[in-house]
There are 2 protein chains.
Amino acid sequence: MKLPKPTLWKGALALCLTFLVCASNPAATAAEATDSSWKQPEVTEMGRGVWRVRFGQPEKFTPDAVRELPPKWEGVAQLPEPGKLPFAPADLRCRVTSARTVLYVPCDEPEDQIYGFGLDPAAYEQKGLRKYLSVCAAVMEKTGASHGPVPFWLSTRGYGVYVDTARVPFVHVARLSARSAVNTEGAAGDLKTDVAALYAARPAAGKAEVVVEIPGNTSGVDVYLFAGPTPREAVQRYNLFSGGGCLPPMWGLGMKYRAFTGADEATVTNLARALRDRQIPCDMLGLEPGWQSRAYSCSLVWDKKRFPSHETVVADLNRQGFKINLWEHAYINPESPLFAPLKPRSGDFLVWGGLVVDFADPQAFQLFADYHGKNFIDQGIAGFKADECDNQPLTDCTPFNFPYSSIFPSGIDGEQMIQLYGYYYQRSIQAAFRARNMRTWGDVRATTALAAPLPFNLYSDAYQFDQYLRQLVNASFTGLLWSPEVRDASSYDDLLNRLALSSFAAQMCVNVWFMPHPIWEQYDHDKNNKHQLLPETDQERIATQLREIVNFRYRLLPYLYAAFQQYHDTGLPPVRSPLLDFPEDRELRKVDNEFLFGSRLLVAPFVSAESAREVYLPKGCNWIEFKTGKLYAGGTKFTVKGKAGEAPLFVRENTLLPWAEPVQRVGPDTVFNVTMKVFGSKPEPCLLIEDDGESYRYEQGAQNRLTLTWAEGQGAVAKTGNFAGSRYRIQRWEPVEIHP
Amino acid sequence: MKLPKPTLWKGALALCLTFLVCASNPAATAAEATDSSWKQPEVTEMGRGVWRVRFGQPEKFTPDAVRELPPKWEGVAQLPEPGKLPFAPADLRCRVTSARTVLYVPCDEPEDQIYGFGLDPAAYEQKGLRKYLSVCAAVMEKTGASHGPVPFWLSTRGYGVYVDTARVPFVHVARLSARSAVNTEGAAGDLKTDVAALYAARPAAGKAEVVVEIPGNTSGVDVYLFAGPTPREAVQRYNLFSGGGCLPPMWGLGMKYRAFTGADEATVTNLARALRDRQIPCDMLGLEPGWQSRAYSCSLVWDKKRFPSHETVVADLNRQGFKINLWEHAYINPESPLFAPLKPRSGDFLVWGGLVVDFADPQAFQLFADYHGKNFIDQGIAGFKADECDNQPLTDCTPFNFPYSSIFPSGIDGEQMIQLYGYYYQRSIQAAFRARNMRTWGDVRATTALAAPLPFNLYSDAYQFDQYLRQLVNASFTGLLWSPEVRDASSYDDLLNRLALSSFAAQMCVNVWFMPHPIWEQYDHDKNNKHQLLPETDQERIATQLREIVNFRYRLLPYLYAAFQQYHDTGLPPVRSPLLDFPEDRELRKVDNEFLFGSRLLVAPFVSAESAREVYLPKGCNWIEFKTGKLYAGGTKFTVKGKAGEAPLFVRENTLLPWAEPVQRVGPDTVFNVTMKVFGSKPEPCLLIEDDGESYRYEQGAQNRLTLTWAEGQGAVAKTGNFAGSRYRIQRWEPVEIHP
């Protein structure tokens, strides 16, 4: 696929039919008709089931304006017929004042629920909440401030709404009572003598709306509506509008192990050897701040003391099949070679004494990309991790970030730059890899809307287990990927459950940046730092369990890779809320601790150090417990027990599951030996994707699609595509014994 | 004094000399000269040592635009010669964009410290912090979000800065590092393996500024500068610019006891009797929500069941010398007689189903005032308490408030209305009392800048002892009064210390709205609600201690009343940080738990349930421990021990302290029997104020000033003024024995 430049596809919009709804908005009141702050909607159907509603003049810097890829309309065309929106696009109302833009979106079905707003660590059901969609390094209750705050929401009525802004909106999600809906019944009742009770005693809201306030936007905004018929297709439309999901390099689906920040080249070499010796599969090694001569802010130069022979070491590690990922943040230390060229192309305030890169300036963007290409990618580096590209919560007065009022030569506003910094960073790094026809797989601590095409995973310093899990589920509503990193653990069981959760995420990552010894030698942070290691038998036990958990993931890599291809083509997230696949099941609306891994597996991880939990199986099909073969009817709720480290896993009945022999790493010519596990008598066909797994040659057709089917006790493989190699050896078809 | 209308004194400004500094701002860079978003300062000297710096076009709704009183320039004229500002007013810089106004105020002396920003519960020294000056019902760390957030700050260099905005500013207090101050030394050093350590590792800021961001202000702003020579005179200038401090009714300085929310008229009558029976002085009884037929939102109508004979009960209580204060909030329930007239004059969203009053509409303002006048003040009500006129913190998604985007018929923005709601409320209530030539004394949960002339005390639901104390001290920097209410206690000693703190505040208030029985019968909230009362001996013990604490306050009422007169005339707060009186004493910069009560007494309360603490006595004079007569040199730090309920109290050497016999309540003709305690051989003269204590007749001269002096063992009283009555009977002069 050849990618038109954004300017091209934008020009093409002129061909679309635009409906300018002049003073005919049916929802407009008399006051609105005479008040010029109320803007008339200009409705444009952008593609099947995707509308743009423009109010006034959108700002220059928005996620849409700086997007990575054009919409993938060819994917949208393949989706089911759009459902009918419960309101007309022209029913949206918008007011633009000298202080802010305010958008009013109908949402008056009391039975509906709302999801989305990005990574949100603390809230799942969004109705009744006030969101504050700031990029944020820490959890701020249920505001939705997060590493990936996105003004996109999804209704169970089967539609999505995206507000294209790079400012920090407040969103009142069906929370306010309009004066026009005044309730003649007061709310007194019993007199309360408790503050919480008093404040909870509110009359029911009348005709509710989602009210989006965008302070500082004083010109106007574009709103996009995405039709269903169900929330799933609305998400797909949004992700395809974003440009489609990323297709990671196949090695990116393996395990990433991030080493101690103070590691020198000997330590890293030893770590690599230990992983291979212990046969713990691993594709990626991450180096934390210590690889640099200066960090906080960053020199982006190898440290001469710790890495005197970094060229040799990187080459050696590459030969052993390790991809190297470098930590950094985009605050440029005066010692960096990038400092002088970027100084005139940076913000007027420093962060940790380093320059804030004006990524909105194409030359700064390219300088940053080229520096990484020439100095690192061309030297064997396969990925990067951008730290601290987010913001501290309001309540944390002291640490980093640049102010909202920062001035950049490109004209972007500081607030917009903070919201877009991680996104711009990803685009710049991606440009360097793309120019080399290499896929990358990176880490980033903040992003924004329309991020689905960018091959980066969000991560966090916050470390609460339930929030890690909720973020994983929420991420799937908004085209985000979440890496629930394992850093340390409060107990052995907590460690195992964290590893198990991570192994079912889009990226599996063990990040022990603050512990000098490998995690299997000591998972307690303090003891690890004091070199108080576990007895060798315990180390062996942990390494074994880690190996088993990672092996399990590697067995599913072919399956997961195909799920990512589907993300790429159809916008369906590879790891996602079951609500997307079972929209009719109301019981699922509250379930924020289970998720689908691909279309056929449901994961219900043990939380914290637990080894039992309640599981709800979605209604609409039967489910088979992977470990036992036991059959359950959908719609069942029960307690599942097991051992820490075993994430309870359920397979949809009638699944063909490719089950590979684990490998130690995924090279461009790795061939997977696959057993096709047959769950049920009439399994759905199974897709596998075959390509080099690391370049963009698949865009020119160098990719095969294998369709595997099973009928009447017989398996068959149909192959299409022009990739010359072969990545899968189907060794056998194995019907799984199922029992009630 | 006759008060000119605000429009008059504003017209008078045209007479002032205005300096328009055209493109000659010495701090302006080349870029600023060519970028039209940078505004030129228009500097006007408003009065001696008070400058206005105007940038662009200020907004229509600001505290200055809706102020209660004109500046008291005659008071300013009496202040010491203004000190020299460390920068010229024209050195301020300001940028106005389509998103926000940003102000840059020089602040580049590393040795200086900054104070202020209103009530701030959590921070005292402000340098290095990011403030978020939202009215807020709960504590948000050190952001300064509070019941009284004010963009006024004070430098130890002896000047104050006030930014006249009703929006929510972010203030970076000498916290940012400008790119122009880039440090060539990186910040790496040792590699950190701890998040907190990493984030703390910042290079020193370069040339620091206070950067004030005002999102949503897209036109311009007025900034006021107040000269010293010391911070004290800067505060005085600010308070006089606000219109001067309020002069409460004398009864307002007594004790306020707020009854149980569910109390009926019998309960209140019994409570009043119990207070008199136990001889606990009390001037004010507060009725909480239960007096109304509807609360949350409010009907503003007496409840027929609980108060069927409210006219008789109020009249009876008034006869017993109790002033009645009614709780309310300004969200008008559909059942209220005010609902119909206010509906077209209210915001487009409801709070608790009630109307949000458009106080910026003069007719709505007057309707609210008149309703209170006719229905309550004329029926014997002496004060009101406005609850929930603030806002919930961002992190609290669910409860009250109206959104920033609320639309009001007057044209005020929702954000401005939220910030000004408490202030407008006070003005409306004050208008009703003023029209009746009555002083009032009220409670309000939010206010803003320029509030000094309004006779209201801030209070809070948050209940942390150290924050209560810090708010009391911080309030004095910004013309606010804080009432550290006593609600319940975690222990007997905690109760006593809370009572002691409250007894030295501008208002003493016991507010047991959530406990059905008097606090001396049970101070534990849960037990009180379960009617598990203390044994009678314990009740007697508590009542006795309460009586002693309140008596102590009543003994000091003549002294406190004179301190308020000084607040009124000269802007010097009656209860204040010792830093204001001892600006040279650097040791005081961190002391946020001691305060001056009037000019002669220093209070160092025991915190929580403690009965010992460290005290620091300011350098510059000697101090005498009130309880023991022990003499201490200023500049001494030591541990003071005592009993809970005894706030350690120190008297400046050479003080004449009026020490009255306690009374049960303060009527218009109450005469205080006073002993003049003489501390030291050469006491300063002492001022006492004599008037009716409840009307504004003092403005026409019906007030006497008594100057009491002591020399050579002989006391003398000089009296000026035209008040016919007499309020003080000086019974004796009593030299206090002082020993080292």
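Throughout, a chain's letter reflects where its sequence line sits, starting with A, and its residues are numbered from 1.
Proximity to chain B is limited to the side chain of A:Y132, based on heavy atoms less than 4.5 angstrom apart. Heavy atoms closer than 4.5 Å to chain B are found in both the backbone and the side chain of A:K343. Contact annotation for A:V173: neither backbone nor side-chain heavy atoms come within less than 4.5 Å of a heavy atom of chain B. Heavy-atom distances place no part of A:P516 under 4.5 Å from chain B, backbone and side chain included. For A:D413, the part lying under 4.5 angstrom from a heavy atom of chain B is the side chain only. Both the backbone and the side chain of A:S346 come within less than 4.5 Å of a heavy atom in chain B.
Atoms CG and CZ, from A:D348 and B:R179 in turn, are 6.0 Å apart once rounded to the nearest 0.5 Å.
Note: B:F170 and A:Y404 have perpendicular aromatic rings, judged against thresholds of 30 and 60 degrees for the angle between ring planes.
Remark: A:K142 does not engage B:D396 in a salt bridge, criterion side-chain N to carboxylate O under 4.0 Å.
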> Under the side chain to side chain contact (heavy atoms under 4.5 Å, CB included) criterion, do B:I407 and A:R95 qualify, and how do the steps go?
Replying inline: CA-CA 10 Å; B:I407 303 171; A:R95 189 161 179 258; 3.2 Å; yes
>> For a side chain to side chain contact (heavy atoms under 4.5 Å, CB included) check, start with the C-alpha distance between A:V211 and B:F349, then their side-chain angles and the critical distance, and finish with the verdict.
In response: CA-CA 11 Å; A:V211 179; B:F349 286 104; 4.2 Å; yes
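When A:P289, A:S336, A:A99, A:A145 are compared by the number of non-hydrogen pairs under 4.5 Å with chain B, A:A99 comes out ahead. For chain A, the option among B:R306, B:M515, B:H525 with the highest count of heavy-atom pairs below 4.5 Å is B:R306. When each of B:G347, B:C298, B:P215 is scored by its heavy-atom pairs under 4.5 Å with chain A, the top score falls to B:G347. Looking only at heavy-atom pairs under 4.5 Å with chain B, the residue among A:S406, A:P403, A:G262, A:G290 that has the most is A:P403.
Between the side chain of B:S405 and the main chain of A:E213, no donor-acceptor pair closer than 3.5 Å is present. Looking at B:T143, its side chain never comes within 3.5 Å of a backbone N or O of A:T395 through a donor-acceptor pair.
With a 4.5 Å cut-off on side-chain heavy atoms, B:T261 and A:K192 do not count as touching.
A pairwise comparison of heavy atoms in A:R130 and B:L394 identifies NH2-CA, 3.8 Å as the closest pair.
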